[in-house]
Novice: 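Provided herewith is a single structure, encoded as structure tokens, for subsequent inquiry.
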Protein chains: 4
Amino acid sequence: MVEEEILLQQLFEEEKLTDKQKKILLAAIDTFSEKGYAATSTSEIAKKAGVAEGTIFRHYKTKKELLVSIVTPLISKVFGPFIVKDFHKVLDQPFENAEDFLRATIENRREVFKKLLPVIKIIMQEIPFQPELREQFVEQVAKKTYERILVVIQDYQDKGQIIDMPPASVARLAVSSIFGYLISRYIFFPESEWDDEIETERTVHFILHGIGKK
Amino acid sequence: MVEEEILLQQLFEEEKLTDKQKKILLAAIDTFSEKGYAATSTSEIAKKAGVAEGTIFRHYKTKKELLVSIVTPLISKVFGPFIVKDFHKVLDQPFENAEDFLRATIENRREVFKKLLPVIKIIMQEIPFQPELREQFVEQVAKKTYERILVVIQDYQDKGQIIDMPPASVARLAVSSIFGYLISRYIFFPESEWDDEIETERTVHFILHGIGKK
Amino acid sequence: MVEEEILLQQLFEEEKLTDKQKKILLAAIDTFSEKGYAATSTSEIAKKAGVAEGTIFRHYKTKKELLVSIVTPLISKVFGPFIVKDFHKVLDQPFENAEDFLRATIENRREVFKKLLPVIKIIMQEIPFQPELREQFVEQVAKKTYERILVVIQDYQDKGQIIDMPPASVARLAVSSIFGYLISRYIFFPESEWDDEIETERTVHFILHGIGKK
Amino acid sequence: MVEEEILLQQLFEEEKLTDKQKKILLAAIDTFSEKGYAATSTSEIAKKAGVAEGTIFRHYKTKKELLVSIVTPLISKVFGPFIVKDFHKVLDQPFENAEDFLRATIENRREVFKKLLPVIKIIMQEIPFQPELREQFVEQVAKKTYERILVVIQDYQDKGQIIDMPPASVARLAVSSIFGYLISRYIFFPESEWDDEIETERTVHFILHGIGKK
DNA sequence: TATGAATGAGTGTTCATTCAT
DNA sequence: GATGAATGAACACTCATTCAT
């Protein structure tokens, strides 16, 4: 968890949070991710954060606002294919071939997934039930990120590197493969032994060539 | 929803449930799936089912037992690649080629997914938090179903129809692609227009040949 | 308090309240009247009523609903000059002279005041802050009761027994005198010795002839 | 409300209050009078006064002390029949007749009532529940003012202008009539059209001659 | 002197569960 | 078997008050 906390700490630093606020957020992330939002009590968060229950409500008017404050600033970071600032590089000096691009994307996403695992669990759990989050998600991911992915796909289609399936379907299939890998890796079977280099290669190969022989 | 209710009714019939029990289970499925287990109150279920609160607890000792009673008998049906009784046919008279097998599997899963959507949502939501369910899931899916999948994969590998990647990885990649499709189709974007025949073909083609050109 | 409780018990009987509901209402009346609505906690009421706190909310959805349930059915009984069923008698076989009418009215109101003192305190305290109560009050008292008073006043004006001041002003002045008496008697100085017969006579005399000599 | 604030400002000036204290008191008067003491939070007062919450408690140790600080210095001013310094004049150069005295009293009280309406509401609301205020009230009004009233009444009785009823009863009846007028005028029906000159005359006439004909 | 973050006891309300009918 | 009144612990949230700055 150390690595994860460092990343979160940095993100919090950017938002100028006080020490207590950071403690509250970390405790909330921990507990929400472990037991689910609805099954987590604010008193539990307070205890884990080492603050009084009232302190939580001084910073976040409601329990839901606390959830939103955690998830909102992280949605694009988790589901954007590269962190925004890096994305322009991809377009400006694009990877020569789709294979390198895929490999880099998977590795980049894997890093983010690993570091933000608890928040990712929260996002996945709560998006179905929290309209605010869903809206954020649609805005950030389905609109911004998705459009960029389509551009990249079309780019490689133009270069003749990937087949002429509609970009939306290509995106769906590739993204499923990548997230399928990450979810298996970090959520379903985190305790298995994983050789990440090999699995990344297999995933890249699968996305490009499938499992059919010849 | 009529179709779904008919399927569930049949499943209940097999278990010899009373009329009130069926009403309770249907109301619980409805509400759990809509608001999440933890955010659903038993009084709400009672009201929707048209029974007294006490009646729920006469049949299910606790709220959690109610959840388990819904999910347990459905886990294998949802995640098994074919309903158990049909599965032997696949091994006895296997599809000549992997492509036909894949196509049949996807179509079969899609039917189940569509019909049991609310229960699937509940399973996906609650497995991370309910050890009993997780155990059931591991027992039913990860052990029984998974082993069968591996056998099928090895079968096609022996026939030289799919590549020599470790079956576990093949399974992961293929299953990701199929569930990626179904989740996009029925959970993320159920309101988009989907041409299921075409998307099935694309998914089959993707699993076998990927998106790389030539 | 015994006498008061008997009256309230009768009123509750009419509304078919359960035993626990009666206990809750009596405890609430007691505490609201003693400490004020806002300063009374539901846990205090529960304790005094000898029921669980949840029981209160099973019968009254909110604390405010509890208040309204107490006050509403009593407003007209407190402020109506005679209990409704008796009122027709007054018009049908009216008192020969205003003096007898006044005397009877004061004595009747004094009985009600004495018996419903705690509820009266609550009504007086909460009407300024609870729009629902205010509305009830206006409807019951300012409309129904007030109109009847005006009719009576006009009747005695027609008979030449009281002066030709506008009935609204007559009402205001007479009612002030009567309630001024009752408030002094039961709220401000309940511990002084009061000879009610004499004070009633003085009030009647005052309303009819004032304090000016000759 | 401007007029009221000017009067209060003057009263505060006499007590050498700082600017922040004045703001706090005005905000507290406003809110207490509108929502009641118990239903008003100190944070609300702080916000309305434009000061920090801590500032309130620097000046007034507790919320109750704030209430007492508002009400205490005004009790005698509201309920004394004339502002204290003027009162001696009444005794020294008394009005020739009771009628003039009554008329002057009513008009004087009406001015005070109008200007201090919010404080009056607070006093009426909180005296039943705050022993300190009750004590202040008894001390200031029931003792000082009341005794003065009795003296005046006896004076007019000696002059043969009012009847030989016990002064306490005379006081009760006259005061009820006056306050009944003011409460109707400013609290119950402030929105009706009132011709104050006429109503004052009616009240004077009523107190002296009642409503009986001849 | 003024601030406002922090506190923790207390609030009204909900809830899963029990049990007498 | 079915009911629904009753329970009391737990919940999200508020509040008067404190205190370091």
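By convention in this document, chain letters (A, B, ...) are assigned in the order of the sequence lines, proteins followed by strands, and residues within each chain are numbered from 1.
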Novice: Taking atom C1' of dC15(E) as reference, at what distance in whole Å does atom CG of Leu66(B) sit?
Specialist: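 Rounded to the whole Å, the gap is 15 Å.
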Novice: Without decimals, in angstroms, what is the distance between Lys20(C) NZ and dG8(F) C1'?
Specialist: 13 Å
Novice: Under 3.5 Å for both donor-acceptor distances, Watson-Crick or wobble: does dT21(E) have a partner, and if so which one?
Specialist: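 Result: dA2(F).
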Novice: With respect to the phosphate group of dA12(F), does any side-chain polar atom (N or O) of Thr42(A) fall under 4.0 Å of OP1 or OP2?
Specialist: yes
Novice: Are side-chain heavy atoms of Ile45(D) and Phe32(D) found at a separation under 4.5 Å?
Specialist: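 Heavy-atom side-chain distance check passes, below 4.5 Å.
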Novice: Taking OP1 and OP2 of dA5(F), is either one under 4.0 Å from a side-chain nitrogen or oxygen of Arg58(C)?
Specialist: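 Answer yes for this pair, as a side-chain N or O of Arg58(C) is under 4.0 Å from OP1 or OP2.
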Novice: Do the non-hydrogen side-chain atoms of Pro128(D) and Lys121(C) ever get within less than 4.5 Å of each other?
Specialist: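 The answer is no; the side chains never approach within 4.5 Å.
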Novice: Take atom CD1 of Ile24(A) and atom C1' of dA5(E), then tell me their distance rounded to the nearest Å.
Specialist: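 Rounding to the nearest Å, CD1 of Ile24(A) and C1' of dA5(E) are 11 Å apart.
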Novice: Determine the contact category for Thr18(D): base if any of its heavy atoms lies under 4.0 Å from a base atom, sugar-phosphate if only primed atoms, P, OP1 or OP2 are that close, otherwise nothing.
Specialist: nothing
Novice: Using atom NZ of Lys63(B) as one end and atom P of dC15(E) as the other, report the distance to the nearest whole Å.
Specialist: 9 Å
Novice: Kindly indicate whether a cation-pi arrangement holds for Lys35(C) with Phe129(D), taking the cut-offs as under 6.0 Å to the six-membered ring centre and within 45° of the axis.
Specialist: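 No, Lys35(C) does not sit over the ring of Phe129(D).
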Novice: Side chain of Phe57(B) only, heavy atoms from C-beta on: which candidate in dT3(F), dA16(F), dA16(E) is closest?
Specialist: dA16(E)
Novice: Need to verify one output field. Residue with the more 5' nearest nucleotide on DNA chain E, Thr62(B) or Ser43(C)?
Specialist: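 By nearest-heavy-atom nucleotide position, the 5'-most residue is Ser43(C).
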Novice: Taking any strand in view, what nucleotide pairs with dG8(F) in a Watson-Crick or G-U wobble way, both distances under 3.5 Å?
Specialist: dC15(E)
Novice: Mapping Gln21(A) and Glu44(C) onto DNA chain E by nearest heavy atom, which one lands closer to the 5' end?
Specialist: Gln21(A)
Novice: What is the distance, to the nearest angstrom, from the CD atom on Glu65(C) to the C1' atom on dG12(E)?
Specialist: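 Rounded to whole Å, this separation is 14 Å.
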Novice: Identify, between Ala39(D) and Ile56(B), the residue whose nearest nucleotide on DNA chain F lies closer to the 5' end.
Specialist: Ile56(B)
Novice: Output yes when at least one side-chain N/O atom of His59(B) is less than 4.0 Å from OP1 or OP2 of dG1(F), else no.
Specialist: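 For dG1(F), neither OP1 nor OP2 has a side-chain N or O of His59(B) closer than 4.0 Å.
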Novice: Considering every strand shown, what is the Watson-Crick or G-U wobble mate of dA9(E) when both distances are under 3.5 Å?
Specialist: dT14(F)
Novice: Any base atoms under 4.0 Å from Thr55(A), or only sugar-phosphate, or nothing? Heavy atoms, all strands.
Specialist: base
Novice: Measuring to OP1 and OP2 of dT18(E), would you say a side-chain N or O of Lys61(B) lies under 4.0 angstrom away?
Specialist: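 Looking at the OP1 and OP2 atoms of dT18(E), neither is under 4.0 Å from any side-chain N or O of Lys61(B).
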Novice: Give the rounded distance in Å between these two atoms: OH of Tyr60(A) and P of dA5(E).
Specialist: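 For the pair Tyr60(A) OH and dA5(E) P, the rounded distance is 13 Å.
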Novice: Does the side chain of Gln130(D) pick up a donor-acceptor pair with the side chain of Glu126(D) at under 3.5 Å?
Specialist: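 Result is yes, a qualifying pair exists.
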Novice: Can you see if the side chain of Lys64(A) gets near the phosphate of dA12(F) - specifically, an N or O under 4.0 Å from OP1 or OP2?
Specialist: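 It does not, given that no N or O in the side chain of Lys64(A) lies less than 4.0 Å from OP1 or OP2 of dA12(F).
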Novice: Take the protein atom NZ of Lys22(B) and the nucleotide atom C1' of dG1(F), then report the distance between them rounded to whole Å.
Specialist: 17 Å
Novice: Figure out the CD/C1' separation between Glu53(A) and dC15(F), and round it to whole Å.
Specialist: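 For the pair Glu53(A) CD and dC15(F) C1', the rounded distance is 13 Å.
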Novice: Are more than 12 heavy atoms from other residues, nucleotides or ligands located less than 6.0 Å from atom CD of Glu65(B)?
Specialist: yes
Novice: Any chance the side chains of Glu53(C) and Thr42(C) put a donor and an acceptor closer than 3.5 Å?
Specialist: yes
Novice: To the side chain of Ala52(C), which of dG8(F), dA16(F), dA2(F) is closest?
Specialist: dG8(F)
